[in-house]
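Here is the structure we will look at, set down as structure tokens.
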2 protein chains.
Amino acid sequence: MRISEAAARSGLNVDTIRYYEAEGLVPNVVRGTDGQRRFSPDNVDWLTLLYWLRETGMPMKVMQRFAALYAQGDATIPDRKSILLDHSRLLAKRRDDLDRCDEILARKLEIYEEYLR
Amino acid sequence: MRISEAAARSGLNVDTIRYYEAEGLVPNVVRGTDGQRRFSPDNVDWLTLLYWLRETGMPMKVMQRFAALYAQGDATIPDRKSILLDHSRLLAKRRDDLDRCDEILARKLEIYEEYLR
DNA sequence: TCTTGACCTGGAGTTACTCAAGGCCGGTAT
DNA sequence: ATACCGGCCTTGAGTAACTCCAGGTCAAGA
């Protein structure tokens, strides 16, 4: 499929996809005879993963490392696994942050209510 | 108190505090006779709020608006309230994102386990 | 044939910091 | 008294991760 469809499916925008590819975050993107990128379903799965990793705060350098490991084949699965596990721990920390922030917002809003009464 | 202590208490780093002040995000920061910033406990509370808003993804423009409203007095409390309520909804969305990402990671990790077996 | 739409590259612009250079000032050690 | 030191100051450059734009190519439809 073309880049616009890959963008629509993955959640990333077209510029970001091109940027990610240039930075080595997207392996195995082929070109048609017209020089345009063609995305396989696997490409789209990969982009979708990148979308969610980004959305939850993984830095590009880590994604870069992850993509490089992927390119080296199955022998790197333990390393990739530990990257994802690390990220999973980060998600837990983010959830705590959201809870903390919720508390603070609740306190502020309560104070506002008092003023408004 | 001095800027380094305000940084330690709020979670923001000193450069960020100076930057935020220059951008109008921090009202009522006074200077001592030596020209250095002096932070009151209220200043620190404000910075702490900014820290958590930033940490949970509020864009600077919104914080700017929030600070400007604050500077205009109690009449703007309803507006400020709605900014915080909007942000609270964003927190809920972020929590959903974290859950989605967790699922995706779990699936990937499961696949890795199969390879490793 | 002419135009339209989706794609391409290269480069500039944006956001939100973060770091570094160079300088001032108040307090301590000699 | 003076030399030094840490912490502060401003200004400006650098960075991350996009995002947008200009100018150009190409295939397909009217």
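Treat the numbers as computed from the prediction; the structure is a model and nothing was measured.
Follow the hydrophobic side-chain contacts under 4.5 Å out from B:Leu105 and you reach B:Tyr115 in the same cluster. Side-chain heavy atoms closer than 4.5 Å link hydrophobic residues (I, L, V, M, F, W, Y) into clusters, and following such links, even through other members, never connects B:Leu53 to B:Leu90. No single ILVMFWY cluster, assembled from side-chain heavy atoms under 4.5 Å apart, contains both A:Leu47 and A:Val30.
Residue B:Arg18 places at least one side-chain N or O under 4.0 Å from the OP1 or OP2 atom of D:dC9. A:Thr16 has a side-chain polar atom (N or O) that falls below the 4.0 Å cut-off from OP1 or OP2 of D:dT19.
Comparing D:dT10, C:dC17, C:dC19 by their closest approach to the side chain of B:Arg37 singles out D:dT10. Nearest to the side-chain atoms of A:Ile3 among the listed nucleotides C:dC8, D:dC18, D:dC21 stands C:dC8. When each of C:dT18, D:dC8, D:dT19 is scored by its nearest atom to the side-chain atoms of B:Gln36, the top-ranked nucleotide is D:dC8. Listed candidates were D:dA17, D:dC18, D:dC8. Nearest to the side chain of A:Pro59 is D:dA17. Closest to the A:Asp15 side chain, of the nucleotides D:dC8, D:dT19, C:dC19, is D:dT19. Residue B:Arg2 has its side chain nearest to D:dG7 when only D:dG7, D:dT10, D:dC18 are considered. With distances taken from any side-chain atom of A:Lys61 to the nucleotides D:dC20, D:dA16, C:dC7, the minimum falls on D:dA16. Of the listed nucleotides (D:dC9, C:dC8, C:dC17), C:dC17 has the atom at the smallest distance from the side chain of B:Tyr20. Residue B:Met60 places its side chain closer to C:dA16 than to any other of C:dA16, D:dC18, D:dT19.
With rounding to whole Å, A:Leu50 atom CG is found 13 Å from D:dA17 atom C1'. The CD-P distance, from A:Glu21 to D:dA17, rounds to 18 Å in whole Å. One atom, CE of B:Met1, and another, P of D:dG7, lie 17 Å apart when rounded to the nearest Å.
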Under the side chain to side chain donor-acceptor pair (under 3.5 Å) criterion, do A:Ser40 and A:Asn43 qualify, and how do the steps go? CA-CA 5 Å; A:Ser40 68; A:Asn43 287 147; 3.2 Å; yes
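Within 4.0 Å of A:Asp34, counting heavy atoms only, lies no atom of the nucleic acid at all. A:Arg31 comes within contact range of the sugar-phosphate backbone alone, with a heavy-atom separation under 4.0 Å but no base atom that close.
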